[in-house]
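First the structure, in the form of structure tokens, and then the observations on it.
Residue numbers begin at 1 in each chain, while the letters A, B, ... track the order of the sequences. Please read all numbers here as calculations on a predicted model, not as lab measurements. Only heavy atoms go into these numbers, but all of them, side chains included; no hydrogens, no water, no symmetry mates.
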Amino acid sequence: MALKIIESCVNCWACLPVCPTEAIYEAKPHFLIDAKKCTECEGSFADSQCASICPIEGAILNSLGEAMNPPGSLTGIPPERMAQAMAELAAH
Amino acid sequence: MELPVLNAHQPAAAKGGCSASSCGSTDDQVNQLPDHIREKVQNHPCYSEDAHHYFARMHVAVAPACNIQCHYCNRKYDCANESRPGVVSELLTPEQAVKKTMAVAATIPQMTVLGIAGPGDPLANPERTFATFRMLTEQAPDIKLCVSTNGLSLPESVEELSKANIDHVTITINTVDAEIGAQIYPWIFWKNRRIKGKKGAQILIDQQQKGLEMLVAKGILVKVNSVMIPGINDQHLAEVSKIVKSKGAFLHNVMPLIAEAEHGTFYGVMGQRGPSPDELMDLQEACSGDMNMMRHCRQCRADAVGLLGEDRGSEFTLDKIDAMEIDYAAAMEMRKQVHEGILSDMEEKRAAQAAKSKPKVPAGTRPVLMAVATTGQSLINQHFGHAKEFQIYQASPEGVKFMSHRKTDQYCSGDSTCGEAESALARTIRSLEGCEAVLCSKIGYEPWDLLEQAGIMPNGEHAMENIEDAVMAVYLEMLAAGKLAEEPEKKQRANA
Ligand code: SF4
Ligand code: SF4
């Protein structure tokens, strides 16, 4: 059982100091979670700390490979609206 | 400690800021501060309109993490509350930041202020931020330290801030109402949880206000920044201004929202517009009745180096700094001399300005806004076409006062008339809305014609003259020509 940081991570450092087990480390091209150390915060906190502070939707996955913070859940931007805005920008 | 009400002894007619010729632009607001505060701010380039022509500030990006989300920010980039959106600053360790600061201080003796403003929230990175401040307090005691924060972790940081001898703190306060807050802050990270909506906003607001009170009680200067978001908090900011002033903040700086879809921010993607230059100025006016306003903020980026509005950061990249040998004791001696020279220069100019007799303009004559193209030194010394921003001055029977800066083509303010077809020149002219004249060193034929069509009188006759003198001269010409008896052709905002 462990969470995973993937390439959409922007290296903002927010998760590193809040991890109770020091499972998170700085790496290139992005931060990583040491699966051996990660407890998913069981026994320490009700919510996994890294996923509770990470500002980037989709950057942290659970052990099933699902986004802890799915699209739209943090920014409040409806995913369709984001897709539409990005398509408009790409068309320019 | 209660700070006195700064504008209390100004005549009602000068409401909205100081009349520059009689008591000297926003700097003169600085002159009216109690001595101990004035001492602290008079060579601070971010606080004193005068000082920012002579002194420089720099920011170091040592604080990457943030503990809240703002709808105008995208964490792929620097924090948008102090920095320009869409830029990424080079993240430094505290040691690197100290080395960089000392390298800059030794090279640019005018550098007086070191700030930490991001790219995240400095107080959400207390170890990195305070390590930087501690080292600098020790190794470069002649550099002033300042810090900007969203306020969430402020109360728990006040003690450490006062120990590190930091005397300027900027809090970004966009609202005191949780309903409004929920439309600006989608979530905060608080006591090991992510808290969304109104509940999160209320905690943030409470922490900001508590932090403000605690700082004032410690005698630490507090400046408040607010981002003006039309339709969200624009009507509410005058109240914010009143409240933060009554709690002892000494400056309130209202900045325009910058929102573009390509920044990927909530406001950008959802099509929230920023304020027009006119709307911003009206609000700054409305707030300044209640408190000192800072009108020359340029929203620098988190690793900016130099005088406000310029950036010499590329001269101080890490490898260049590594190659530098710094004898800071010698640098400090040199810096001291330079600073004394500048301060006595500034005093002289102030005295000369104060000695000038006030021109006679009948009371009740309507005020006029004019745009000025300048690269600094209080002179009209820039070609119209080279100006990336204009300084807006108001002439009235009370004298000349500085009102605001308006950028020309960096950002469009996002309203519907701003399409791609609009030329840079047309956009520049639109940014001058409300002005009746534009003073510059030179101007081409094409912009001349377009300006005239827009009801703005181009004027290149005062090249290399002192701005305030020239603005008053043009005002007097307009008066003599009978132009001030009639309302201008276009909608006039100067007396709104
Ligand atoms: S889930 Fe908890 S233990 Fe695992 S990496 Fe995140 S913060 Fe650390
Ligand atoms: S908080 Fe998220 S974006 Fe920031 S470093 Fe951690 S995983 Fe990456």
ask   = What part of A/I53 is in contact with chain B, defined as an atom under 4.5 angstrom from a non-hydrogen atom: side chain, backbone, both or neither?
value = both

Heavy atoms of other groups near B/E127 CD, more than 12 under 6.0 Å = no

query = Residues of residues 180-194 of chain B under 4.5 Å from chain A (heavy atom pairs)?
reply = B/P186, B/W187, B/F189, B/N192, B/R193, B/R194

request  = Supply the atom-to-atom distance B/R75 CZ to A/C9 SG, rounded to the nearest 0.5 angstrom.
outcome  = 11.0 Å

message = Using every non-hydrogen atom in the two residues, find where A/M86 and B/A261 come nearest and quote the distance to one decimal.
response = CE-O, 3.9 Å

query = What closest approach, in Å, do B/C66 and A/A14 show between heavy atoms, and which atom pair accounts for it?
reply = O-CB, 4.1 Å

task = Sort A/L74 into side chain, backbone, both or neither according to what part of it lies under 4.5 angstrom from a heavy atom of chain B.
result = both

ask   = What pair of heavy atoms forms the shortest contact from B/M270 to A/R81, and how long is it?
value = O-NH2, 3.2 Å

ask   = Which bit of A/A51 comes within less than 4.5 Å of chain B, counting heavy atoms only: side chain, backbone, both or neither?
value = backbone

ask   = Do the side chains of A/T75 and B/Q69 get nearer than 4.5 Å, heavy atoms only?
value = no

ask   = Would you say A/E42 has more than 12 foreign heavy atoms packed within less than 6.0 Å of its CD?
value = no

